[in-house]
Number of protein chains: 2
Amino acid sequence: MVTIYDIAARANVSAMTVSRVINNTGRISEKTRAKVKRVMEELNYVPNQMARSLVLQQTHLLFLLIADITNPFYTTLARGAEDAARKLGFRLLFGNSDENGDKEQEYMDTLLKMRVDGLLVAPAGDASLPHLETLRRHQVPFVLLDREVPGVESDIVLGDSKEGARQLVRHLSENGHRRIAMINGALTVSSARQRFEGYKEALKLNDLPYSEEYVLETSFGPRADLSEIDRWLGRMDPLPTAIVAGNNVLAVEVIRTLNARGLRVPEDISLVCFDDLASYAEIDPFVTVISQQAYQFGYLGMQMLIDRIRNPEEAGPWKKIVLPSELIVRRSVKAVR
Amino acid sequence: MVTIYDIAARANVSAMTVSRVINNTGRISEKTRAKVKRVMEELNYVPNQMARSLVLQQTHLLFLLIADITNPFYTTLARGAEDAARKLGFRLLFGNSDENGDKEQEYMDTLLKMRVDGLLVAPAGDASLPHLETLRRHQVPFVLLDREVPGVESDIVLGDSKEGARQLVRHLSENGHRRIAMINGALTVSSARQRFEGYKEALKLNDLPYSEEYVLETSFGPRADLSEIDRWLGRMDPLPTAIVAGNNVLAVEVIRTLNARGLRVPEDISLVCFDDLASYAEIDPFVTVISQQAYQFGYLGMQMLIDRIRNPEEAGPWKKIVLPSELIVRRSVKAVR
DNA sequence: ATGGTTGATGTTACCGATAACTCTAAAGTA
DNA sequence: TACTTTAGAGTTATCGGTAACATCAACCAT
């Protein structure tokens with residue numbers, strides 16, 4: 001591996017002079033600079049970032065940890081974060097916790113050891129608390145995305161989940177539905193909790209009955225098999241006339257399970273959900289959803305993160321951005337009665 | 001930042017002893033080991049990976065660079081790579097080149113500087129040649145995924161694009177189509193070339209006419225606006241009765257553009273494509289596709305990569321895995337005549 | 001002629017870890 | 001008893017850079 005010492009020897013200068021050429025610091029005569037640059041090209045020199053980071057005490061690396069890389073909500077968010085990072089002159093790498101606290105933990109370890117300069121996290125759930133406390137203890141700036149973690153104070157970008165849930169239920173109610181079920185992510189995830197709260201509130205507000213039997217708490221991530229959902233559908237008696245899905249993944253899985261049972265949406269049962277489906281759904285805008293501005297989650301979060309990194313002394317109060325959610329009515333709800 | 005020296009001082013041992021405890025090397029008395037561990041916990045010690053990598057000359061980091069993070073083909077591939085890496089005890093980070101050679105270049109720079117141990121790449125195109133040559137020159141093991149790059153010899157996982165294209169055209173031909181158009185990614189991408197070749201071959205084989213007007217070469221990645229596709233549709237006269245799309249993204253964009261023009265699939269025009277749509281398409285299996293085993297691309301590629309890293313001396317011949325593609329007939333093709 | 005600048009470059013120490021070698025007291029052996 | 005072995009440490013050099021200070025010749029002003 002070629003080092004600055006190799007360059008220095010070949011160019012008959014000291015290592016420090018090479019370092020100065022690389023970083024454009026200090027004063028160097030044009031002649032020396034040219035000579036050093038020529039030698040660097042000849043030897044295909046690539047600076048060793050680890051050695052550099054070690055002495056500089058910063059890596060200039062940012063990291064985005066998302067909860068489900070196959071979910072278009074998060075990949076769109078990732079594109080937003082990436083664009084913001086590029087625009088502000090930072091490099092961004094990604095990780096995927098797969099809605100799994102242990103995998104998240106592994107990433108956190110790696111990133112802490114790598115001494116990344118900052119971190120954007122869509123936490124796997126409330127159990128992320130210790131990981132985030134560790135980050136804080138080690139003074140790694142981070143911004144939470146999409147999910148809060150009780151006990152953690154930080155910059156954060158959230159969607160208005162509770163209001164979204166209210167809107168969905170109101171929409172169903174306005175279409176005459178009275179037996180409204182909900183399938184949701186784990187309640188250890190703040191967005192799932194908020195959506196559940198909004199669902200219950202809206203039921204009350206609209207004078208609709210609430211029944212535990214009509215609620216399934218599972219995970220936001222994709223399931224290996226759909227039997228849990230199928231059993232839930234089998235348990236409900238009578239079947240609800242409409243289902244609220246806590247996110248896009250659940251919506252798709254419910255529809256597939258319903259179809260397997262010979263039930264069709266919206267003819268036999270109506271369905272609404274959070275988060276838009278993939279762009280692929282654009283070819284047939286079908287499911288009525290609460291759409292979130294995924295790209296903005298990433299973009300704004302990254303701006304906040306870099307702001308903290310660039311002005312660490314300011315230490316203003318934590319910022320919380322709540323992005324509005326929008327009800328997009330399509331064809332997955334049938335009016336009843 | 002806490003270092004092994006801080007630990008050493010507090011525990012009344014030398015730094016080396018701390019290092020031995022961390023790495024479980026050498027001989028340490030149980031008493032000393034316990035004391036050091038206690039102090040490490042007290043001080044929340046996290047090893048500095050950069051310092052370690054600097055002396056060990058390896059980072060134990062692998063990297064996957066995909067071409068489009070919003071494309072479910074690549075995110076599924078990413079899950080495969082991730083699972084394989086975990087199973088074999090490696091950490092994996094991701095990057096997204098966005099089908100853009102310059103962004104790819106930036107990632108390559110970063111990764112080279114970071115001295116990652118190995119790299120899985122879905123290259124942005126033939127222009128990736130210099131980046132890959134640089135990797136080779138610096139002896140960074142890499143495996144190509146999904147796309148070849150002329151001039152680069154390496155382990156690689158490919159789909160059988162040519163055969164896939166033949167199957168799609170044959171299927172259309174069997175359904176009576178004679179005017180078959182193709183929208184494709186840039187021909188600087190090997191998979192686009194292969195698919196184009198297969199398309200032309202199959203036209204000949206099935207005695208169908210080939211016309212340049214019926215072919216649009218654009219990019220695989222999502223477009224900011226669809227006007228280019230719209231103009232292409234406007235140019236073709238008479239309109240084809242069927243379109244082959246070079247990938248899933250193009251298929252969706254074509255369908256949207258057709259719809260905007262008041263044309264419907266498959267009633268007015270048939271459409272087939274490569275790569276399955278997102279799982280979200282499962283709720284309405286609609287587009288007839290050549291499906292590729294995206295997960296396997298990642299899984300097998302990662303296995304090959306780690307194999308190279310673990311046994312660098314073996315240096316067997318480059319391995320090339322060609323995964324079969326499968327025609328899945330759904331409802332986007334109408335029989336004509 | 002003398003001292004002060006200034007531009008260009010070199011020297012040394014250090015970032016935080018580990019490899020390779022050294023040291024020392026206690027145990028083992030002839 | 002004297003010598004060897006060994007367990008359990010410690011010392012020193014090094015990985016590839018950069019900060020801070022040192023050096024030195026050329027130029028300038030008085």
Side-chain angles (χ1 to χ4, degrees), chain A residues 1-37 39-40 43-61 109-117 138-140, chain B residues 1-37 39-40 43-61 109-117 138-140:
Chain A
M1 198 92 307
V2 181
T3 72
I4 49 169
Y5 297 99
D6 302 323
I7 309 290
R10 268 255 225 173
N12 276 311
V13 296
S14 71
M16 200 56 221
T17 298
V18 178
S19 174
R20 290 195 179 100
V21 171
I22 295 169
N23 298 294
N24 258 308
T25 54
R27 308 169 180 288
I28 305 271
S29 73
E30 264 321 308
K31 212 178 68 186
T32 307
R33 180 191 308 279
K35 186 172 55 181
V36 170
K37 284 201 166 171
V39 175
M40 289 200 302
L43 302 188
N44 287 305
Y45 171 71
V46 175
N48 185 318
Q49 184 63 44
M50 291 171 311
R52 184 182 235 159
S53 300
L54 189 58
V55 52
L56 292 182
Q57 299 285 26
Q58 57 156 324
T59 53
H60 225 71
L61 271 185
D109 279 358
T110 304
L111 301 177
L112 229 43
K113 287 185 192 162
M114 283 176 64
R115 305 287 197 264
V116 294
D117 285 354
H138 291 276
Q139 313 197 50
V140 182
Chain B
M1 199 92 303
V2 180
T3 72
I4 50 170
Y5 297 98
D6 302 323
I7 309 290
R10 268 254 226 174
N12 277 312
V13 297
S14 72
M16 199 55 220
T17 299
V18 178
S19 175
R20 290 196 179 99
V21 171
I22 294 170
N23 298 294
N24 259 308
T25 53
R27 308 169 179 289
I28 306 270
S29 73
E30 265 319 310
K31 213 179 65 183
T32 307
R33 181 191 307 279
K35 187 171 53 178
V36 169
K37 284 201 168 170
V39 174
M40 289 201 301
L43 301 188
N44 287 303
Y45 171 71
V46 175
N48 185 317
Q49 185 61 46
M50 290 170 312
R52 183 183 235 160
S53 299
L54 189 57
V55 52
L56 292 182
Q57 300 285 26
Q58 57 155 327
T59 54
H60 225 69
L61 271 184
D109 279 357
T110 304
L111 301 177
L112 228 43
K113 287 185 191 161
M114 283 176 65
R115 306 287 197 263
V116 295
D117 285 353
H138 290 276
Q139 314 197 50
V140 181

I need the [atom1]-[atom2] distance between [X] and [N], as an integer number of Å.
| X | N | atom1 | atom2 | answer |
| --- | --- | --- | --- | --- |
| A:Met1 | D:dT14 | CE | C1' | 17 Å |
| B:Glu30 | D:dA9 | CD | P | 10 Å |
| B:Leu54 | D:dT14 | CG | P | 14 Å |
| A:Asp6 | D:dG16 | CG | P | 8 Å |
| B:Asn12 | D:dG8 | CG | P | 19 Å |
| B:Asn23 | C:dA17 | CG | P | 10 Å |
| B:Met114 | D:dG17 | CE | P | 16 Å |
| A:Ile4 | C:dG10 | CD1 | C1' | 13 Å |

For [X], which contact category applies under a 4.0 Å heavy-atom criterion: base, sugar-phosphate, or nothing?
| X | result |
| --- | --- |
| A:Ile28 | sugar-phosphate |
| A:Leu56 | sugar-phosphate |
| B:Arg52 | sugar-phosphate |

Spell out, as yes or no, whether a donor-acceptor pair under 3.5 Å connects the side chain of B:Ser19 to the backbone of B:Ala15.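 Checked: no pair found.
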
Checking the side chain of A:Asp117 only, and the main-chain atoms of A:Gln58 only, is there a donor and an acceptor separated by less than 3.5 Å?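 No, A:Asp117 side chain to A:Gln58 backbone: no donor-acceptor pair under 3.5 Å.
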
Any side-chain N or O of [X] below 4.0 angstrom from OP1/OP2 of [N]?
| X | N | answer |
| --- | --- | --- |
| B:Gln57 | D:dG16 | yes |
| A:Thr25 | D:dT18 | no |
| B:Ser53 | C:dA17 | no |
| B:Tyr45 | C:dG16 | no |
| A:Thr32 | C:dT9 | yes |
| A:Asn48 | D:dC15 | no |
| B:Ser29 | D:dA9 | yes |

What about A:Tyr5: does its side chain form a donor-acceptor pair under 3.5 Å with the base of D:dG17?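 Per atom types, the contact qualifies.
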
Report yes if a donor N or O on one partner sits less than 3.5 Å from an acceptor N or O on the other, where the partners are the side chain of B:Arg20 and the base of D:dG10; otherwise report no.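 Per atom types, the contact qualifies.
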
Reading DNA chain C from 5' onward, which residue's closest nucleotide shows up sooner: A:Arg27 or A:Ser14?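 It is A:Arg27, whose closest nucleotide lies nearer the 5' terminus.
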
Please tell me if the side chains of B:Arg115 and A:Val46 come closer than 4.5 Å, counting only heavy atoms from C-beta onward.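 The answer is yes, as the side chains (C-beta and beyond) meet within the 4.5 Å cut-off.
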
Do A:Ile22 and A:Tyr45 make a side-chain contact, defined as non-hydrogen atoms from C-beta onward lying under 4.5 Å apart?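 Yes, side chains in contact.
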
More than 12 heavy atoms of other residues, nucleotides or ligands under 6.0 Å from NZ of B:Lys37: is that the case?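 It does not: B:Lys37 NZ has 12 such atoms or fewer within range.
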
Let's see if you can work this out: which of D:dG10, C:dT11, C:dA17 has an atom nearest to the side-chain heavy atoms of B:Thr17?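 Nearest nucleotide to the side chain: D:dG10.
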
Which of these passes side chain to side chain contact (heavy atoms under 4.5 Å, CB included) with A:Val2: A:Asn44, A:Leu43, A:Val39?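 Passing option: A:Leu43.
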
